[in-house]
A.B. asks: 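Attaching a single structure in structure tokens format; questions to follow.
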Amino acid sequence: MALAASKNAIGAVSELLKSQLTVNTTATTVDIGRPEAASNTAGPKLNLFLYQVDVDGHLRNVPLDAGQATPVWVVLHYLLTAFDADKDSDSIAAHSLLSEGMLALQELNFIEPTSAELRDNPEPLAVTFDATDSELLSKVMQGTDERYRVSIGFQVRPVMIAPSTPPAYALPVTTVGPPADEGV
């Protein structure tokens with residue numbers, strides 16, 4: 001079943017974002033993970049951090065077809081943080097790289113993904129920037145050695161994770177004529 005690949009949709013979205021940022025910015029690398037881990041290696045680089053996954057309330061009970069199990073529709077919340085060549089996230093070079101990353105994400109908006117995990121998503125993925133206030137950043141970037149880093153929050157929606165159960169209705173007719181096992 002083609003929808004079975006959607007079980008890896010969250011990772012595929014992260015990979016899609018990483019490749020978009022790698023191709024369309026001057027960042028030498030794009031890391032995925034907590035910002036403090038990215039600050040340990042030299043830049044210039046961008047860091048993507050998936051900090052929250054929500055079930056999409058508007059699509060929660062919407063099946064693809066009547067008779068099919070309802071997929072899990074999720075909204076992925078990311079933070080994008082930029083680091084300059086000296087591992088600093090609060091410099092002019094880091095701020096410039098952050099704006100390049102924002103533009104690259106904006107260009108990705110409503111693109112139909114081609115990866116097997118996302119190909120059957122019935123809606124194009126939408127990238128929407130979120131309000132990223134200091135309170136959110138403080139909560140996400142807390143730790144013993146972590147400090148405030150300028151970042152932009154965004155969400156990707158709707159991401160479909162479809163169950164691999166077969167549909168509860170008859171499959172469509174694919175041939176017309178005498179059955180293949182009867183010789184004429």
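It should be emphasised that the depicted structure is a prediction, and the values quoted were computed from it without experimental measurement.
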A.B. asks: Is there a chain of hydrophobic side chains (I, L, V, M, F, W, Y, each step under 4.5 Å between heavy atoms) that links Val30 to Leu103?
C.D. replies: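 In one cluster: no.
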A.B. asks: Just verifying a value: how many Å separate Arg157 CZ and Leu125 CG, rounded to the nearest 0.5 Å?
C.D. replies: 11.5 Å
A.B. asks: Is the closest side-chain donor-acceptor distance between Gln155 and Asp130 under 3.5 Å?
C.D. replies: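 Asp130 and Gln155 do have a side-chain donor-acceptor pair below 3.5 Å.
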A.B. asks: Is it true that a side-chain atom of Asn121 and a backbone atom of Met160 form a donor plus acceptor pair closer than 3.5 Å?
C.D. replies: yes
A.B. asks: Is a side-chain donor or acceptor of Asn24 paired with a backbone partner of Gln20 at a separation under 3.5 angstrom?
C.D. replies: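 Side chain of Asn24 to backbone of Gln20, a donor-acceptor pair under 3.5 Å: yes, one is there.
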A.B. asks: Heavy atoms only: give me the nearest Ile152-Met102 pair and the separation to one decimal.
C.D. replies: CG2-CG, 3.8 Å
A.B. asks: Using atom types as modelled and distance alone, determine if a side-chain donor or acceptor of Glu117 lies under 3.5 Å from a backbone N or O of Lys7.
C.D. replies: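 Judged by distance alone, no pair lies under 3.5 Å.
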A.B. asks: Let me check something: do Val13 and Val75 share a hydrophobic cluster, defined by ILVMFWY side-chain heavy atoms less than 4.5 Å apart, either directly or through other members?
C.D. replies: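 No: no chain of side-chain contacts under 4.5 Å links Val13 to Val75.
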A.B. asks: Just by modelled atom types, is the Thr114 backbone N or O under 3.5 Å from a matching donor or acceptor in the Arg119 side chain?
C.D. replies: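 Here the side-chain-to-backbone pair exists.
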A.B. asks: Is the shortest side-chain heavy-atom distance between Thr26 and Pro44 below 4.5 Å?
C.D. replies: no
A.B. asks: Ignoring hydrogens, what is the shortest heavy-atom contact between Ala104 and Thr25? Give both atom names and the distance.
C.D. replies: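 Looking at all heavy atoms of both residues, the closest pair is CB-CG2, 4.1 Å.
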A.B. asks: Linking I/L/V/M/F/W/Y whenever any side-chain heavy atoms sit under 4.5 Å apart, do Phe83 and Phe49 land together?
C.D. replies: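 In one cluster with Phe83: Phe49, no.
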A.B. asks: Looking at every non-hydrogen atom in both residues, tell me the closest pair between Thr81 and Ser89 and how far apart they are.
C.D. replies: CG2-CB, 4.3 Å
A.B. asks: To the nearest 0.5 Å, what is the distance between OG (Ser151) and OH (Tyr78)?
C.D. replies: 15.0 Å
A.B. asks: Indicate yes or no: at least one non-hydrogen side-chain atom of Leu108 is less than 4.5 angstrom from one of Leu16.
C.D. replies: yes
A.B. asks: Under the 3.5 angstrom rule, does the side chain of Ser91 hit a backbone N or O of Ala94 as a donor-acceptor pair?
C.D. replies: yes
A.B. asks: Using a 3.5 Å distance criterion without hydrogens, assess whether the side chain of Trp73 forms a donor-acceptor pair with backbone atoms of Leu59.
C.D. replies: yes
A.B. asks: Return the CG to OG distance between Leu118 and Ser6, rounded to the nearest 0.5 Å.
C.D. replies: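 It is 9.0 Å, given to the nearest 0.5 Å.
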A.B. asks: For the atom pair CG (Leu79) and CG (Leu50), what is the distance rounded to the nearest 0.5 Å?
C.D. replies: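 So the gap between those two atoms works out to 9.5 Å.
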A.B. asks: Which atom names give the shortest non-hydrogen contact between Asn47 and Gly33, and what distance separates them?
C.D. replies: ND2-O, 2.8 Å
A.B. asks: Run the side chain to side chain donor-acceptor pair (under 3.5 Å) test on Glu15 and Ser115 for me, step by step, so that the C-alpha distance in whole Å, both residues' side-chain angles and the decisive distance to 0.1 Å come before the verdict.
C.D. replies: CA-CA 10 Å; Glu15 184 61 39; Ser115 68; over 6 Å; no
A.B. asks: One pair to check against side-chain contact (heavy atoms from CB on, under 4.5 Å): Asp31 and Leu46. What are the steps and the verdict?
C.D. replies: CA-CA 6 Å; Asp31 293 336; Leu46 290 168; over 6 Å; no
A.B. asks: Hey, what's the ring geometry for Phe154 with Phe129, parallel, tilted or perpendicular (30° and 60° as the breaks)?
C.D. replies: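 It falls in the perpendicular class, over 60°.
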A.B. asks: Under a 3.5 Å distance rule, please check whether Asp84 uses its side chain to pair with a backbone N or O of Lys87 as donor and acceptor.
C.D. replies: yes
A.B. asks: Apply side-chain contact (heavy atoms from CB on, under 4.5 Å) to Ile32 and Lys18, showing your working.
C.D. replies: CA-CA 8 Å; Ile32 297 178; Lys18 178 179 179 178; 4.0 Å; yes
A.B. asks: Side chains of Asp56 and Val74: does their closest heavy-atom pair fall under 4.5 Å?
C.D. replies: no
A.B. asks: For Pro163 and Pro71, work out which heavy atoms get closest and say how close.
C.D. replies: CD-CA, 3.7 Å
A.B. asks: Could you tell me whether the side chains of Asp54 and Gln52 share a donor-acceptor contact shorter than 3.5 Å?
C.D. replies: yes
A.B. asks: Would you say Leu97 and Leu17 are hydrophobically clustered, going by side-chain heavy atoms of ILVMFWY under 4.5 Å?
C.D. replies: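 They do share one cluster, since a chain of ILVMFWY contacts under 4.5 Å joins Leu97 to Leu17.
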A.B. asks: Grab the two heavy atoms, one from Val159 and one from Ala9, that are nearest each other, plus how far apart they are.
C.D. replies: CG1-CB, 3.7 Å
